[in-house]
Every structure is written in C-alpha cells, then in structure tokens.
A.B. asks: 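Sharing a structure here in structure tokens format.
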Amino acid sequence: MSAHINVRDALYEAPGPKTKRAMYIGTALSLALVLLGLFAIIRQFYITGQLNSSQWSFFLRISTWNFLFAGMRGTFLVAICAGALSLILAFIMMLGRISKHRILRGISRVAIDFFRGVPSLLLVYFFFLVLPKYELRVGVFWMLCLPITLTASGVLAEVLRSGVQAVPKGQIEAAMSIGLTHGQVLRKIILPQAIRYVIPSLIAQFVIVVKDTTVAYVVSYPDLMQNARVLVTTYDALVSVYFVTAVIYILINYLINRASKALSRRMGLHS
Amino acid sequence: MSLSYLLETYGSLYKDALLTTWWMTLVSFALVMVVSTLITTLRVSPFKPLRLAADVYVQIFRNIPGISLLIFVVYALPYLKVILNYRVSVILVTVLIASAFGSEHFMSGINTIKIGEIEAARLIGLNFIQILRHLVIPQALRSAVLPMTNLFVGVMLTTALGSQVPLNPAELTGVVSYINTRDVGGILTFLISALGYVLTSVVISYLGNRLDKKVRILR
C-alpha cells in the first residue's frame with residue numbers, strides 16, 4: 001500500500017477526529033492567507049493604475065502577438081542553434097575527458113571547468129566588446145549564439161559523462177574479454193546506453209539555453225525580450241508587457257521540463 | 001593593453017569587483033538557504049493551499065530567465081510603488097531564482113528517504129517532530145550537499161546580472177564592460193574576471209566534494 005504514496009504524505013498519520021478538525025481550520029486559515037497575499041498583489045496593480053485598459057487593450061490586437069511571436073522565433077532560432085552546437089562541443093569535450101591520453105584529459109577538464117565556471121554574460125561581453133578590439137567581428141546572431149553554446153557545453157559535457165559512468169562496469173569488462181578494442185567498446189557498448197540514459201536531462205538542460213537567450217538584451221538581437229522592449233515604448237506600457245513576456249518564458253520552460261519528466265518516466269528511468 | 005598597465009590602472013577596481021561578487025554570492029546563498037528551507041517546509045506542510053502556493057512559487061522561479069526577472073524588478077516594480085536599490089534588486093532576483101532550485105534539491109533529498117523508515121519510526125513511538133528531527137532533516141541535508149554546492153556556484157554566476165544595472169563598485173562581469181567601453185581593453189580584461197569566477201568555483205566545488213564525502217549516506 002505504501003508504494004503509492006510519496007514521502008510528503010507518508011509523514012502524516014491517518015488523522016483522528018480531533019486532528020481532522022484542526023486540519024480543516026488550518027487549511028481554511030492558510031487558504032485565507034494565500035488569497036490575501038494574491039489580493040494584496042492585485043490591489044497594488046490596481047491602485048497604481050496598472051490594471052487600466054490602456055495597459056492591456058493592445059494585447060487584443062493581432063499585430064501585438066505577431067510581433068511577440070516574431071521575437072519568439074528569434075529566441076528559438078538562437079536556442080536551437082546554440083543547443084545543437086553545444087551538444088556537439090560537449091560530446092567532443094566529454095570524449096576528451098574520458099580518453100586514455102593524460103594531456104587530452106587535462107585539456108578537456110580545464111575547458112569544461114572553465115565554461116561551467118564563468119557566467120554567460122561575461123562570455124557575451126567577450127564576443128561583444130573584447131573581440132572587436134582585435135578587429136574580429138561576428139554578427140549579432142553569433143555574438144549571442146556562441147557564448148550560450150560555450151556555457152551550455154561545459155554543463156552538457158558533465159551530463160554526458162554522468163551517462164557514461166552509469167553504464168555498468170561488468171559490461172565493459174565482458175566486452176573487453178570477448179576481444180573488442182577500446183574504441184569498439186566505446187562505440188558499441190558505452191555510448192548507445194550512455195546517450196539513452198541522459199536524453200531526459202539533456203532536454204531539461206535545454207531550459208538553461210532558452211533562459212540564456214535573454215542576454216540578447218545586451219546585444220540587441222530581436223528575440224522575445226528585445227521585441228518586448230520595443231512594445232514597451234510603442235504602447236507606453238511597461239509593467240504589462242514585461243509581465244506577459246515573463247509568463248511566456250515561464251510557460252515555455254515549464255513545458256520543456258514536463259516533456260523531459262514525461263520522457264524519463266516513459267523510458268523507465270527514475271526522474 | 002599590458003598586464004602591468006591594466007593592474008596599475010584598474011587593479012583596485014578588480015579587487016573591489018571580486019570582493020563585490022564574493023559578498024553578493026555569500027549574502028545571496030545564505031538567504032537562499034533560509035528561503036528554500038521555508039519554501040520546502042510549506043511544500044511538506046499538511047495544508048493544501050500552502051503546498052500549492054509553494055509549488056507554484058517553485059515552478060515560476062525555476063523557469064523564469066534571470067534577465068527577465070531583473071528587468072521586471074528594476075523597471076516594473078517602481079511603477080507598482082516598490083522601489084529597491086540596484087544591489088538589493090540583483091540580490092533579490094538571485095535569491096528568488098536560486099531558492100526555487102534549492103527547494104527542489106531539498107525535496108529530492110526528502111524523497112530519497114524510504115517510506116518504510118518513516119513507518120518504522122512511527123512504530124517505535126516517535127512523534128511527528130521527532131521523525132522530522134531524527135530521520136527526515138538529517139538525511140535530506142546530507143544528500144543535498146552536492147546539489148547545494150552546484151547551486152552555490154550557480155548563485156555566483158547569477159550575480160553577474162549585476163552587470164546589467166549600475167553598481168558601485170561593479171562586480172566581476174560589469175568591470176569588463178566598464179573597462180572595454182572606456183579604454184583599450186582587450187582579452188586580459190576578460191581573462192582576469194574569468195579567472196576570478198573559475199578559481200572561486202573550483203574552491204567551492206572542492207570544499208563541497210570534501211563535505212559530501214564526509215556526510216554522504218552509503219546505501
């Protein structure tokens with residue numbers, strides 16, 4: 001019976017009549033508390049004039065949404081490009097990190113630690129402000145895509161490596177003992193399973209990439225954030241536009257997380 | 001730009017920037033521990049509305065991009081008559097976001113506890129508070145060490161949002177933008193800041209790993 005309840009619920013015994021009454025009161029009180037908090041927030045919006053129709057009516061126009069969707073296209077373009085590139089780079093760094101050559105292992109380790117250890121904003125400034133000092137200029141798209149790729153690749157390399165480590169040692173020993181070479185073991189035994197293990201967490205990491213695309217704000221690439229900024233000045237409505245934009249980002253990332261969870265459940269991996 | 005010129009002219013700026021990053025990181029992380037404990041308490045409380053509110057909090061703040069939240073806090077909140085200074089805004093954003101992840105780490109720590117252990121504890125007569133104190137909290141804390149170490153580094157990286165608002169003194173990322181828009185700048189300006197971040201994160205990870213080895217539960 002206990003197999004179906006989670007730890008949250010297991011903490012509590014089946015309540016008696018007294019506890020039950022206390023629970024009802026507690027639930028009612030806490031509900032009132034939560035509603036009061038919500039009410040206070042909405043009231044603050046109302047008394048500062050942020051619920052006026054002038055602040056929201058332009059969301060009824062198709063053109064507003066077309067513009068926001070155009071921004072979203074920019075966001076996804078960068079996210080998908082950076083996601084794909086970082087996956088390739090991460091794969092290479094992971095192979096280096098588990099290789100037999102000490103020097104290669106060292107270099108990969110330093111690279112992974114470096115890209116995991118610096119904020120993407122710092123790398124954006126590297127492409128945006130530092131490289132142009134050497135007459136090296138990349139387009140705005142790459143100014144955005146490359147820093148995101150680099151920071152994500154450090155994290156992804158470690159995710160991939162955790163997949164490799166999850167492959168049981170016995171299988172590798174068995175493969176060696178039937179005469180497969182090191183490369184064959186890697187290609188035929190380790191990688192196919194390792195990649196399968198980490199697919200859900202790779203998808204979850206895509207959230208980081210989507211979030212990072214908001215640094216487009218710095219280089220003025222037309223993504224969702226940047227187009228929102230244009231709407232703010234067009235309609236002179238800052239709070240509502242940034243609010244809606246934040247909600248869109250939250251929904252996108254929430255859906256990605258859900259997809260990752262659903263997939264890991266379907267593949268029979270614990271989440 | 002040579003290293004000696006850079007350090008002579010901007011050395012104290014970098015020192016202040018490193019200290020600012022460290023200070024913001026420490027303050028934020030301390031607050032993150034408090035807030036995520038609070039959120040986790042609500043999430044395991046017996047009252048449905050509190051659970052729901054805390055679950056919604058986590059979903060909102062683990063999915064919102066830092067810049068989006070920072071812009072809202074810095075530019076939109078004043079319209080709602082909430083005015084915070086820039087430093088507080090950056091710390092607030094960092095704490096709100098990182099606490100969502102912190103609470104997730106605590107929750108997965110709690111979920112590693114076997115339900116049979118709780119039932120056994122109840123059978124030998126421990127009450128609710130005793131179960132929490134002797135069984136749930138110690139295990140949840142011990143298995144949260146590694147994820148929290150990563151969160152610590154994450155908090156430091158999130159404070160780089162400080163480069164998007166005028167901070168005085170600037171933090172490590174802002175200082176790169178400051179020097180490169182006013183002076184010759186160059187790759188060294190970037191490398192010094194990057195080194196500040198990377199070395200700090202290596203030290204944090206090292207300490208976290210050591211602590212984890214000491215307290216890890218072998219199952």
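Letters A, B, ... mirror the listed sequences (proteins, then strands); counts begin at 1. When reading the values below, keep in mind they use all heavy atoms of this one structure, side chains included, and skip hydrogens, waters and symmetry mates.
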A.B. asks: Where on A:Gln44 is there a heavy atom nearer than 4.5 Å to chain B: the side chain, the backbone, both, or neither?
C.D. replies: both
A.B. asks: Is chain B contacted by the side chain of A:Arg229, its backbone, both, or neither, given a heavy-atom distance below 4.5 Å?
C.D. replies: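 A:Arg229 has no heavy atom closer than 4.5 Å to chain B.
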A.B. asks: Just so I know, are the side chains of A:Leu122 and B:Leu172 near enough to count as touching, which here means a heavy-atom distance under 4.5 Å?
C.D. replies: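 A side-chain contact is absent here, since even the closest heavy-atom pair is not under 4.5 Å.
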A.B. asks: Looking at every heavy atom in both A:Val118 and B:Leu157, which two are closest together, and how far apart are they?
C.D. replies: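 Looks like C-CD2, 3.6 Å.
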A.B. asks: Heavy-atom pairs under 4.5 Å with chain A - which of B:Arg122, B:Arg43, B:Gln59 has more of them than the others?
C.D. replies: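 The residue among B:Arg122, B:Arg43, B:Gln59 with the greatest pair count is B:Arg122.
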A.B. asks: Under 4.5 Å between any side-chain heavy atoms of B:Ser201 and A:Arg116, yes or no?
C.D. replies: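 No, every pair of side-chain atoms sits at 4.5 Å or beyond.
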A.B. asks: Does any heavy atom of chain A fall under 4.5 Å from the side chain of B:Ala53, the backbone, both, or neither of them?
C.D. replies: side chain
A.B. asks: So does A:Phe39 have more than 12 non-hydrogen atoms from other groups sitting under 6.0 Å from CZ?
C.D. replies: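 For A:Phe39, atom CZ is not crowded (no more than 12 foreign heavy atoms under 6.0 Å).
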A.B. asks: Just to be sure I understand the criterion: a residue of residues 209-227 of chain A counts if one of its heavy atoms is under 4.5 Å from a heavy atom of chain B. Which ones qualify?
C.D. replies: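 The stretch touches chain B at A:Lys211, A:Thr214, A:Val215, A:Tyr217, A:Val218, A:Met225.
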A.B. asks: Hey, what do you get for OG (A:Ser30) to CG (B:Leu52), rounding to the nearest 0.5 Å?
C.D. replies: 10.5 Å
A.B. asks: Are there over 12 heavy-atom neighbours, none belonging to A:Arg105, within less than 6.0 Å of that residue's CZ?
C.D. replies: yes
A.B. asks: Can you see which heavy atom on A:Gly117 is nearest to which on B:Tyr197, and at what distance?
C.D. replies: O-CB, 3.2 Å
A.B. asks: Just checking A:Tyr12: does its OH atom have more than 12 heavy atoms from other residues, nucleotides or ligands closer to it than 6.0 angstrom?
C.D. replies: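 Yes, the 6.0 Å shell around OH holds more than 12 heavy atoms from other groups.
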A.B. asks: Which one, B:Leu77, B:Ile67, B:Thr159, leads in non-hydrogen pairs under 4.5 Å with chain A?
C.D. replies: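 Most heavy-atom pairs within the cutoff with chain A belong to B:Ile67.
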A.B. asks: Below 4.5 Å from any heavy atom of chain A, which atoms of B:Asn127 appear? Answer side chain, backbone, both or neither.
C.D. replies: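 Nothing of B:Asn127, per the 4.5 Å heavy-atom cut-off to chain A.
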A.B. asks: With a 4.5 angstrom heavy-atom cut-off, which part of B:Phe128 approaches chain A: side chain, backbone, both or neither?
C.D. replies: side chain
A.B. asks: Taking only residues two or more places apart in sequence, or in another chain, which ones meet A:Val232 in a side-chain contact (heavy atoms from CB on, under 4.5 Å)?
C.D. replies: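 side-chain contact (heavy atoms from CB on, under 4.5 Å) list for A:Val232, sorted by chain: A:Leu238, A:Val241, A:Tyr242.
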A.B. asks: Considering only heavy atoms, which portion of A:Phe114 lies under 4.5 Å from any heavy atom of chain B: side chain, backbone, both, or neither?
C.D. replies: both
A.B. asks: Which one, B:Ile60, B:Ile204, B:Val153, B:Thr158, leads in non-hydrogen pairs under 4.5 Å with chain A?
C.D. replies: B:Ile60
A.B. asks: Strictly by salt bridge (charged side-chain N to carboxylate O under 4.0 Å, His left out), give each pair with a member in residues 56-80 of chain B just once, sequence neighbours left out.
C.D. replies: B:Arg62-B:Glu104
A.B. asks: Which residues in residues 245-255 of chain A have a heavy atom less than 4.5 Å from any heavy atom of chain B?
C.D. replies: A:Ala246, A:Tyr249, A:Ile250, A:Asn253, A:Tyr254
A.B. asks: Answer with side chain, backbone, both or neither: which region of A:Val239 has an atom nearer than 4.5 Å to a non-hydrogen atom of chain B?
C.D. replies: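 Both parts, heavy atoms under 4.5 Å.
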A.B. asks: Using non-hydrogen atoms only, which part of A:Phe243 is less than 4.5 Å away from chain B: side chain, backbone, both, or neither?
C.D. replies: both
A.B. asks: Measuring heavy-atom distances to chain A, does B:Val136 have an atom under 4.5 Å in its side chain, in its backbone, in both, or in neither?
C.D. replies: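 Answer is side chain: those atoms of B:Val136 sit under 4.5 Å from chain A.
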A.B. asks: Please examine the side chains of B:Tyr79 and A:Thr48, heavy atoms only from C-beta on, and report whether any two atoms are closer than 4.5 Å.
C.D. replies: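 With C-beta onward as the side chain, the pair stays apart.
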A.B. asks: For chain A, which of B:Arg51, B:Met107, B:Lys48 has the most heavy-atom pairs under 4.5 Å?
C.D. replies: B:Arg51
A.B. asks: Within this structure, what is the CG-CG distance for the pair B:Leu50 and A:Leu31, rounded to the nearest 0.5 Å?
C.D. replies: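 The CG atom of B:Leu50 sits 9.0 Å away from the CG atom of A:Leu31.
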A.B. asks: Within a radius of less than 6.0 Å around CG of A:Asp236, do more than 12 heavy atoms belonging to other residues, nucleotides or ligands occur?
C.D. replies: no
A.B. asks: Anything under 30° is parallel, anything over 60° is perpendicular, the rest tilted; go ahead and classify B:Phe190 against A:Phe126.
C.D. replies: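 B:Phe190 and A:Phe126: tilted rings.
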A.B. asks: Give the C-alpha distance, both sets of side-chain angles, the deciding distance and a yes or no for side chain to side chain contact (heavy atoms under 4.5 Å, CB included) between A:Leu121 and B:Gln164.
C.D. replies: CA-CA 9 Å; A:Leu121 273 168; B:Gln164 300 308 303; 3.4 Å; yes
A.B. asks: I'd like to verify something: which residue of B:Gly196, B:Ser68, B:Gly174 has the highest number of heavy-atom pairs under 4.5 Å with chain A?
C.D. replies: B:Ser68
A.B. asks: Give a yes or no on whether B:Trp22 atom CH2 has more than 12 heavy-atom contacts from other residues, nucleotides or ligands under 6.0 Å away.
C.D. replies: no
A.B. asks: Working to the nearest 0.5 Å, report the span between NZ of A:Lys133 and CG of B:Asn180.
C.D. replies: 5.0 Å
A.B. asks: Measuring heavy-atom distances to chain A, does B:Ile118 have an atom under 4.5 Å in its side chain, in its backbone, in both, or in neither?
C.D. replies: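 Side chain only.
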A.B. asks: Atom NZ in B:Lys81, atom CD in A:Gln50: separation rounded to 0.5 Å?
C.D. replies: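 Between atom NZ of B:Lys81 and atom CD of A:Gln50 there are 9.0 Å.
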A.B. asks: Given side chains that start at C-beta, do those of A:Leu129 and B:Val176 come closer than 4.5 Å, heavy atoms only?
C.D. replies: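 Sidechains of B:Val176 and A:Leu129: no contact.
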